[in-house]
Each structure stands twice: as structure tokens, then as C-alpha cells.
Amino acid sequence: DAGVTQSPTHLIKTRGQQVTLRCSPKSGHDTVSWYQQALGQGPQFIFQYYEEEERQRGNFPDRFSGHQFPNYSSELNVNALLLGDSALYLCASSPRAPGNSPLHFGNGTRLTVT
Amino acid sequence: AQRVTQPEKLLSVFKGAPVELKCNYSYSGSPELFWYVQYSRQRLQLLLRHISRESIKGFTADLNKGETSFHLKKPFAQEEDSAMYYCALSGSQAGTYKYIFGTGTRLKVLA
């Protein structure tokens, strides 16, 4: 089991561009969450996808959007990139279960906006 | 406001010494508390959760609702415990799926 996989591992973009990050959940997991981790900070919740719909959203602008596919994989899209969007983006998957199941994280995508 | 506070950015202890990583939280409901750990060059992973009430790698954590704390403890630190530790909170009520993480504490266990 490869666990949660994310691609790409690193990305450099210019301010104003758009970016798409990808995530495949751990086998058997159907829920995908995205987190942003700025340098020296803990992960911050962006949103969670379940059954191909955004189930909950954190305090992030509409420039951040996502999608979940029928195979449970997910994409995070960020439009009109700002310098402040530079961060490590973490994908986490969890199985459908009552309550909050522990998260299984990927290695992250490091986004640098210049 | 919902918040998790880890007051120490860095904690250095000698091998064999006791360890306590502090975590305080603010939450208006009934929270679920977790400790996640990230070893060097590895992904963030669950260490333990309060509802399991178990010891993992010698670590324990007790939820103190009166003090709103969930400190992580180990009686005798090992060099392999050196890592980044994050305390996290999740709500237990329906419709709450996000985790709130603290800023993390780097534990260095010195030989």
C-alpha cells in the first residue's frame, strides 16, 4: 500500500498564475482533506471532500478550489497566485467512519510563488 | 475561538530524561485531541489520540478538560524520539470535520 501520494513534489510558479495539485488517497479511504502549512506553522485546513463534494471549508478565499473524482482522488486548484500562497500543501485521507477518523498524510507539495 | 497552543517551539532533553510536550486548547464543544509526529524525512503521522487511552512508543497523553490541556509525556526519552510534534483538535459534533493544529514543538533528544 503506497499510502497517500501527492504530485508534484515541488512547484515554482509566478504571481498571478494558476496551479493544480493532485492527491491519491490511501487504499480504502474515501475522504480527502487539504491543508496548507506555511513555514514554522502547523497545517491549516483548506477543505474536505467526500462523495465528490466539498463537505467543509476553512478560512480560505475562493481562489482555492478543489475537486474529487469517482476514484476518490482529488485536486487542489489555486488561481491568481500570491506570494503568500508559498507553502507546503498537504493532502490527508481518512476512511468513512463515525466521528473523526485520524488523518493519513501525504508527503506534500511544496509550492513557491515568485 | 477554536485554537491549539503549543508554547514551546523547541524542547531539548538528554537521553533518559522525562519529556513533556505541552498542548493547550480552546474549543466551545467536546473536542477530540490528537498528537501527530513527523520524523526526519518522513510524513506527518498519527502518534496517539485521547479516546484510545493507550501508550504508543512509551508516550501517553491525558485530556484534562478542566485545564483544557493535552500534554504529551514520556518518562525516559530516547534519541529516536527526536522529531516534530503537533497537537491537533477536532470537534466531535456532527458536521465538524476539520482539524486544528498547533504550531508544533521540535523535540531534540541529546545523547
Side-chain angles (χ1 to χ4, degrees), chain A residues 1-6 9 23-26 29-51 53-60 64 66 68 74 87-110, chain B residues 1-10 21-27 29-52 54 56 61 63 70 83-106:
Chain A
D1 180 11
V4 179
T5 58
Q6 292 186 243
T9 54
C23 171
S24 292
K26 181 180 169 68
H29 289 184
D30 58 4
T31 302
V32 173
S33 302
W34 287 92
Y35 286 80
Q36 181 195 65
Q37 186 173 21
L39 201 60
Q41 301 297 314
Q44 284 206 315
F45 177 75
I46 303 175
F47 39 54
Q48 184 183 87
Y49 276 84
Y50 172 68
E51 291 189 341
E53 289 194 0
E54 183 183 289
R55 183 156 72 167
Q56 188 175 16
R57 187 180 184 90
N59 190 23
F60 279 81
F64 289 76
Q68 186 178 35
S74 177
L88 180 67
Y89 288 85
L90 295 170
C91 173
S93 71
S94 52
R96 181 174 66 178
N100 289 309
S101 300
L103 301 174
H104 293 250
F105 284 90
N107 284 318
T109 294
R110 183 159 300 280
Chain B
Q2 301 172 357
R3 183 178 295 135
V4 173
T5 302
Q6 294 180 252
E8 303 137 329
K9 281 195 175 297
L10 173 65
L21 301 173
K22 290 184 167 48
C23 172
N24 288 89
Y25 67 89
S26 172
Y27 189 73
S30 181
E32 293 190 39
L33 275 296
F34 304 80
W35 277 99
Y36 283 81
V37 60
Q38 187 167 27
Y39 301 103
S40 179
R41 299 190 189 87
Q42 294 188 28
R43 62 188 65 193
L44 197 56
Q45 60 186 284
L46 177 70
L47 180 62
L48 54 80
R49 59 192 300 191
H50 88 271
I51 63 172
S52 299
E54 57 189 348
I56 305 292
L63 179 61
F70 188 57
M84 195 73 183
Y85 291 80
Y86 292 94
C87 181
L89 170 157
S90 184
S92 58
Q93 57 260 47
T96 301
Y97 305 104
K98 70 177 181 181
Y99 282 68
I100 299 169
F101 285 82
T103 52
T105 297
R106 181 168 298 283

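Below, chains carry the letters A, B, ... as their sequence lines are ordered, and counting in each starts from 1.
- At a 4.5 Å heavy-atom cutoff, the contact between A:Gln37 and chain B is made by side-chain atoms alone.
- Looking at A:Gln48, the atoms closer than 4.5 Å to chain B (heavy atoms on both sides) all sit in the side chain, from C-beta outward.
- B:Arg49 and A:Pro102 make their closest contact through NH1-CD, 3.2 Å (heavy atoms, listed as atom of the first residue, atom of the second, distance).
- In terms of heavy-atom proximity, B:Lys98 sits nearest to A:Gln56 at N-OE1, 3.0 Å.
- Scored by the side chain to side chain contact (heavy atoms under 4.5 Å, CB included) test, A:Ala92 finds A:Leu103, A:Phe105 as partners (sequence neighbours excluded).
- The minimum heavy-atom distance between B:Thr103 and A:Gln41, with the atom names listed, is CG2-OE1, 3.6 Å.
- For the set A:Gly58, A:Gly108, A:Gly42, the count of heavy-atom pairs under 4.5 angstrom toward chain B peaks at A:Gly42.
- Heavy-atom minimum distance, A:Phe45 versus B:Tyr99: CB-O, 4.0 Å.
- The minimum heavy-atom distance between B:Arg43 and A:Val4, with the atom names listed, is NH1-O, 2.9 Å.
- Taking a 6.0 Å sphere around CD of A:Gln36, one finds it holds more than 12 heavy atoms contributed by other residues, nucleotides or ligands.
- Listed by chain and residue number, nothing satisfies the side chain to side chain donor-acceptor pair (under 3.5 Å) test with B:Trp35 (two or more places apart in sequence, or in another chain).
- Heavy atoms of other residues, nucleotides or ligands lying less than 6.0 angstrom from CG of A:Leu39 number 12 at most.
- Two rings, from B:Tyr97 and A:Tyr50, have their centers 6.0 Å or more apart.
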